[in-house]
Q: 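Below is one structure. I have some questions about it.
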Amino acid sequence: MSRFSPVKKEIVESAQDLLRKGYLMATGGNISVRILGEDAFAITPSNLDYTKMTPEDICILNFDLEIIEGKLKPSVEAGMHGAIYQVRGDVNAVVHTHQVYVSALTLIKTPIPSLFDEQARFLGRSVQIIPYAPSGTGMLKNTIARHVKNRNNAYMMQNHGALILGHDMERAVHNVEILEKCSLAYLLAICSEKKVSKIPLAVREIAFAKLRKDQKKIEHGDFETGGE
Ligand SMILES: [Zn+2]
C-alpha cells in the first residue's frame, strides 16, 4: 500500500469500465489522474493489456516525467497528459482513446459543431480536430497543450483518436460517452447529405458559460460535485 493506492485503483477500475463499454481496446489509449496538491499525476503503463492491469502497474510521475512510483514504463503519451495538467488547472482527469466513431471523424478532418445541449454543457462549444503529430513526440505534446487552452473538454486527434478531459475521472468517463454519441449521430447525419441543424447560438453560449463557471470554481478549489 502507498498513499497513491486509491488513485491507482480508480485508474484501473475506470480503464476496465471503458474497456467493457468498448471505448478502450486491448492496449490502445491511456488514462491519467492528477495527484491533487502536487505537481504529479498517475497514468497507465505502456503496452499492457487492460484486462491484466492491477493498481501496482500504475505509474506515478512528476511534471518533469520522472517516476515517483511504479516499476513499469509509463504510457508513451505521458508528456501529453502532464502538459494538459500544467495548462488546465480545472482538469484532474485525462482520457485518451481510439474510440471508433470519433476516429472516423478524424479521418475526414470534420469537427463537431454544437449539436446537443449536453454537448455544449460538458464538452464545450465544439469538438475540434487537433492536427496530426506522431505519438509520444514533443511535437504532439506541444500541439495538444496549445489547443486545450480554449477550455473545451473534448478534442479529436487527426488520424489518431479522442482526447477527453474532466474535473474528475467520473466526469471524464461521462464525457467519453457524450463524445461518442455526438460522433455517431453526426456521422449518420452527414451521410444523409441533408443540412445538419445545430442548437441555437444563445443556448450554446449559456451552456458553455455554465461549464466555464464550474471550471473557475474548480481552479479556486470550491467546486461541489453532484450539482446540475
Ligand atoms: Zn493513441
Side-chain angles (χ1 to χ4, degrees), residues 7-33 41-59 61 70-82 84 91 93-112 119 122-123 127-137 140-141 143-144 147-148 152-166 168-188 190-191:
V7 76
K8 289 179 172 182
K9 190 164 167 275
E10 183 185 26
I11 288 192
V12 173
E13 286 174 356
S14 303
Q16 291 175 346
D17 180 34
L18 288 163
L19 183 79
R20 270 192 303 276
K21 290 171 176 165
Y23 300 116
L24 289 177
M25 285 143 256
T27 62
N30 32 73
I31 73 175
S32 72
V33 170
F41 60 104
I43 189 165
T44 45
S46 176
N47 207 29
L48 180 67
D49 194 311
Y50 293 109
T51 57
K52 300 190 176 85
M53 199 174 283
T54 67
E56 292 71 47
D57 298 325
I58 302 302
C59 313
L61 306 183
K71 293 188 185 71
L72 299 181
K73 189 172 169 293
S75 161
V76 291
E77 301 297 9
M80 169 179 91
H81 289 251
I84 293 167
V91 169
V94 176
V95 175
H96 164 55
T97 73
H98 300 161
Q99 58 196 81
V100 177
Y101 299 115
V102 175
S103 299
L105 284 172
T106 76
L107 302 182
I108 52 175
K109 292 198 273 179
T110 303
I112 308 173
Q119 176 201 350
F122 295 110
L123 305 187
V127 186
Q128 300 172 315
I129 303 282
I130 297 179
Y132 179 82
S135 285
T137 60
L140 179 66
K141 185 187 95 169
T143 307
I144 298 281
H147 280 81
V148 298
N152 286 339
N153 277 344
Y155 301 86
M156 298 189 281
M157 297 160 68
Q158 187 192 334
N159 291 72
H160 190 161
L163 178 65
I164 302 100
L165 317 177
D168 62 18
M169 184 48 79
E170 192 181 343
R171 185 68 252 166
V173 170
H174 286 317
N175 288 349
V176 168
E177 293 169 323
I178 295 172
L179 176 61
E180 192 71 343
K181 174 221 161 175
C182 293
S183 303
L184 175 55
Y186 193 44
L187 271 170
L188 292 172
I190 292 172
C191 289

Q: In Å and rounded to the nearest 0.5 Å, what is the OG1 to CD distance from T137 to E77?
A: 7.5 Å
Q: Short question: side chain of Q158, backbone of T106 - any donor-acceptor pair under 3.5 Å?
A: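 No; zero donor-acceptor contacts below 3.5 Å.
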Q: With the side chain counted from C-beta on, respond yes when L61 and F41 share a heavy-atom pair under 4.5 Å apart, and no when they do not.
A: yes
Q: Would you say S75's side chain and N30's backbone share a donor-acceptor pair under 3.5 angstrom?
A: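 Answer holds: no.
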Q: Who are the side-chain hydrogen bond (donor to acceptor under 3.5 Å, both in side chains) partners of N175, not counting sequence neighbours?
A: R171
Q: Determine whether T143 and M157 make a side-chain contact, defined as any pair of heavy atoms from C-beta on separated by less than 4.5 Å.
A: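 Answer no - side chains too far apart.
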Q: Rounded to the nearest 0.5 Å, how far apart are CG of L187 and SG of C182?
A: 11.0 Å
Q: Taking side chain to side chain contact (heavy atoms under 4.5 Å, CB included) as the test, write out the residues that go with L184, two or more places apart.
A: Y101, L188
Q: With distance as the sole criterion, is a donor-acceptor pair present between the side chains of Q16 and T51 under 3.5 Å?
A: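 T51 and Q16 do not have a side-chain donor-acceptor pair below 3.5 Å.
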Q: Applying salt bridge (charged side-chain N to carboxylate O under 4.0 Å, His left out), can you list everything that pairs with E13, at least two apart in sequence or on another chain?
A: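 Listed in chain order: K9.
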Q: Using atom types as modelled, flag every donor-acceptor pair under 3.5 Å from a side chain in residues 20-29 to any protein atom, sequence neighbours excluded.
A:
unit_1, atom_1, unit_2, atom_2, d
K21, NZ, D17, OD1, 3.3
K21, NZ, D17, OD2, 3.1
K21, NZ, E177, OE2, 3.1

Q: State the CG-CG distance between N152 and L123, to the nearest 0.5 angstrom.
A: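 The CG atom of N152 sits 8.0 Å away from the CG atom of L123.
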Q: Looking at CZ of F122 and CG of N153, how far apart are the two atoms once the value is rounded to the nearest 0.5 Å?
A: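 Here the rounded value is 10.0 Å.
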Q: Please name all residues satisfying side chain to side chain contact (heavy atoms under 4.5 Å, CB included) with P111, sequence neighbours left out, ordered by chain then number.
A: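 Applying side chain to side chain contact (heavy atoms under 4.5 Å, CB included) to P111 gives I129.
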Q: Rounded to the nearest 0.5 Å, what's the gap from CD on Q99 to OG on S183? Could you check?
A: 6.5 Å
Q: Could you pull out all residues at least two apart from H98 that satisfy ring pair (Phe, Tyr, Trp, His ring centres under 6.0 Å)?
A: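 So H98 forms a ring pair (Phe, Tyr, Trp, His ring centres under 6.0 Å) with H96, H160.
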Q: Between T54 and E56, is there a side-chain donor-acceptor contact under 3.5 Å, judged purely by atom types and distance?
A: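 Looking only at side-chain atoms, T54 and E56 do form a donor-acceptor pair, the distance falling under 3.5 Å.
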Q: Decide side-chain contact (heavy atoms from CB on, under 4.5 Å) for I43 and I58; before the verdict, give the C-alpha distance in whole Å, the side-chain angles of both, and the deciding distance to 0.1 Å.
A: CA-CA 6 Å; I43 189 165; I58 302 302; 5.9 Å; no
Q: Would you check if I31 and V94 make a side-chain contact, meaning some heavy-atom pair closer than 4.5 Å?
A: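 The answer is no, as the side chains (C-beta and beyond) never meet within the 4.5 Å cut-off.
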Q: Please examine the side chains of T44 and S32, heavy atoms only from C-beta on, and report whether any two atoms are closer than 4.5 Å.
A: no
Q: For the residue pair L165 and Y155, establish whether any side-chain heavy-atom pair is separated by less than 4.5 Å.
A: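 Touching, per the 4.5 Å side-chain cut-off.
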Q: If you measure from SG on C59 to CG on L48, what distance do you get to the nearest 0.5 Å?
A: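 CG of L48 is found 9.5 Å from SG of C59.
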